[in-house]
Amino acid sequence: MSVSIAVENERPFVVELDTFSGPLDLLLHLIREQEIDITDIPIARVADQFLEAIGSLDLNEAANYLEMAAWLLRIKIQLLLPRPFDEDRWEDPRAELVRRLLEYEQIREVASWLEGQADLRSSQFPRGWMEEQPEQEAPPIVVQLDDILEAVQRVLEAIPQPVLHRVVPRPLDVEGATSRIVAFLEEKGHFELTDVLDSEPTVADVLSVLVALLELARIGRIRLSQQQPFGKVAIAGESTSTTS
Amino acid sequence: MNRLAQLLEAALFSADSPVSLSALEALDRDSTRAEVQAALEELREEYLQSGHGVELVEVADGYQLLTRREFAEAIAQAHLVTRPRRLSAAALETLAIIAYRQPVGRAEIEEIRGVSVEGVLRSLQDRGLVDSVGRGEGMGRPLLYGTTPAFLELLGLRSLETLPRLEELSVALRSPREPGEPFE
Amino acid sequence: MNRLAQLLEAALFSADSPVSLSALEALDRDSTRAEVQAALEELREEYLQSGHGVELVEVADGYQLLTRREFAEAIAQAHLVTRPRRLSAAALETLAIIAYRQPVGRAEIEEIRGVSVEGVLRSLQDRGLVDSVGRGEGMGRPLLYGTTPAFLELLGLRSLETLPRLEELSVALRSPREPGEPFE
């Protein structure tokens, strides 16, 4: 998501909101982009730009940013109040903001150093094969769903064209699979995974159906169950279910 | 050692299962099979000549670096292996194919991945993530593989909260060919 | 190589994470620490002199054999190994704060980053890069977090002391909050 920020007498610049890790990151970007002296931030201008930038965020995403927006506006108002005659006793309402920004900027510098180290290290691999060790239990294995899904993507990318030597109609996409499942649901109430698939499904077909099922299950339309390992996956409309 | 021998050593060291000769050849497109075999020989010689704690071993499904037997006891007593293991790309891809196409035979997995999967398949079986679930039709009635309950458990597939959202998956679902493109 | 160097090589080969000097010493009761260190030096030299695909690296308060950088691309392309997923900016910033202020509570991390860090903290814990190391004073006795050896290993750092010192950074700033200064 990108927002174009208007700047007086200059070309507007574009802010890619997704690339920021939080309100301090965004604020720092606005300041550095315009080469503003961090010890003398023109709060009114920066506050407006900040609000403009987050205007396009939905409320959920904006939650972290709203607090900062409120703070900026508070400082803006404090700066409009008359200062005491004795300038020495005047406390700059921006001081705490500057401290937070510098502290954050320092953390970001460390973060980028860490990233560089991690990149360097990731080009060196440790031993892969672990020999069976007597008198010792094998260490547990970690697999995450993401890992499998990434692997699926690599497999799909690696499949030479044309794919497997089969005559298959156009592959089923997720929308197609979803409507097929919904149609089945309306017709039958409950059925099995294999009912939804053709007799010789492609990888893409199976994936589409699987994703459609998972998504429907996630939003509560259906319930999936498997009685035993390798057993058939039973699909039921959620309204018909009695157990969870 | 020459550069190819070094590359082979690094590859054999980091792979989590035996590596077939054809997979080793694929590491460097400029090298012929004969050169790869010569480099393997050089690596074997180097371990012998310089007196190393490891050796190059040829097993049924390829080549492997193993620690020499005489050190096994001392090492086992030191309990050096402790940490959860991650699976290699090859293992994950094989697992993914089995997960989505089970029951599936080795030939079909190899057709999709384009490489021999014997070693990877055995190591997935050793780890209890896949198992043979029957025999297929056709020539030789090949063994068919499926995932095990341990696999589901590892992925936490029973809990719906951990499911990926649709948009995260959509990349993986990009159709391998253009829609409507005719098949041979 | 002498027998101790061979034993150390075999042990480092068999370990899945860096091995501390004391664990290496325990492999052979007849060898002194100085002898173990000399043998490690011999091993390092041997890898350099003969030209190997792996090297001996000091990391996370221990020793580890790793493949040389120049072979990473070929090995990753052959799908023998997956490179670890890169960390997000949010994860890196959170790690940076924990690394420098440990033990540190969630509230303080959130104050510095200006966002909620619950999710990112959990995923760093899942990856084993940080862990709770105790409870703080004050309301609700909040959990405090610190980095783990896996953090050092991920970054290839020998110890926490090898992190850049704050005064070396280009952004000048007073030192972290004085002890006793109140939280806001």
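To find a chain, count down the sequence lines: A is the first, B the second, and so on, and within it residues start at 1. Predicted model only: the values in this text are computed from it and were never measured. Basis for what follows: all heavy atoms, side chains included, without hydrogens, waters or symmetry-related copies.
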Which atom pairs, donor and acceptor, lie under 3.5 Å between side-chain atoms of residues 125-143 of chain C and protein residues at least two apart or in another chain?
unit_1: Arg135(C); atom_1: NH1; unit_2: Arg141(C); atom_2: O; d: 2.8
unit_1: Arg141(C); atom_1: NE; unit_2: Gly136(C); atom_2: O; d: 3.4

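- Heavy atoms closer than 4.5 Å to chain A are found in the backbone of Arg68(C), but not in its side chain.
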| task | Decide side chain to side chain contact (heavy atoms under 4.5 Å, CB included) for Ile107(A) and Glu93(C); before the verdict, give the C-alpha distance in whole Å, the side-chain angles of both, and the deciding distance to 0.1 Å. | result | CA-CA 6 Å; Ile107(A) 285 303; Glu93(C) 286 173 15; 4.3 Å; yes

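- Scanning residues 82-89 of chain C against chain A with a 4.5 Å non-hydrogen threshold yields Thr82(C), Arg83(C), Pro84(C), Arg85(C), Arg86(C), Ala89(C), sorted by number.
- When all heavy atoms are compared, the tightest approach of Gly156(C) to Arg121(A) is N-CG, 3.7 Å.
- Put simply, the side chain of Arg113(C) gets close to the backbone of Ser21(A): a donor and an acceptor are under 3.5 Å apart.
- Contact count against chain A (heavy-atom pairs under 4.5 Å) is highest for Val115(C) among Val54(C), Val120(C), Thr94(C), Val115(C).
- The nearest pair of heavy atoms linking Arg100(A) to Gly114(C) is NH2-CA, 3.9 Å.
- Contact annotation for Glu55(C): only side-chain heavy atoms (C-beta onward) come within less than 4.5 Å of a heavy atom of chain A.
- Annotation: Glu67(A), atom CD; neighbour count of heavy atoms from other residues, nucleotides and ligands within 6.0 Å does not exceed 12.
- Remark: side-chain polar atoms of Thr67(C) are paired, donor with acceptor, to backbone N or O of Phe125(A) under 3.5 angstrom.
- Distance check, rounded to the nearest 0.5 Å: CD1 of Ile97(C) to CD of Gln106(A) gives 10.5 Å.
- Across Ser122(A), Gly22(A), Gly116(A), Ser112(A), the residue that shares the most heavy-atom pairs under 4.5 angstrom with chain C is Ser122(A).
- Contact between Val110(A) and Tyr100(C) at its shortest, heavy atoms only, is CG1-CE1, 3.1 Å.
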| request: Go through the steps to decide whether Leu65(C) and Arg127(A) satisfy the test side chain to side chain contact (heavy atoms under 4.5 Å, CB included), and finish with yes or no. | output: CA-CA 7 Å; Leu65(C) 293 179; Arg127(A) 176 87 188 274; over 6 Å; no

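- Top candidate by heavy-atom pairs under 4.5 Å with chain A, chosen from Ile75(C), Leu12(C), Val57(C), Val81(C), is Val81(C).
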| Derivation of the side chain to side chain contact (heavy atoms under 4.5 Å, CB included) call for Phe151(C) and Leu114(A) | CA-CA 10 Å; Phe151(C) 163 80; Leu114(A) 293 178; 4.2 Å; yes

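- To the nearest 0.5 Å, atoms CG (Leu154(C)) and CD (Gln117(A)) are separated by 10.5 Å.
- Other residues, nucleotides and ligands contribute more than 12 heavy atoms inside 6.0 Å of the CD atom of Glu41(C).
- Only the side chain of Leu157(C) comes within less than 4.5 Å of a heavy atom in chain A; its backbone stays farther off.
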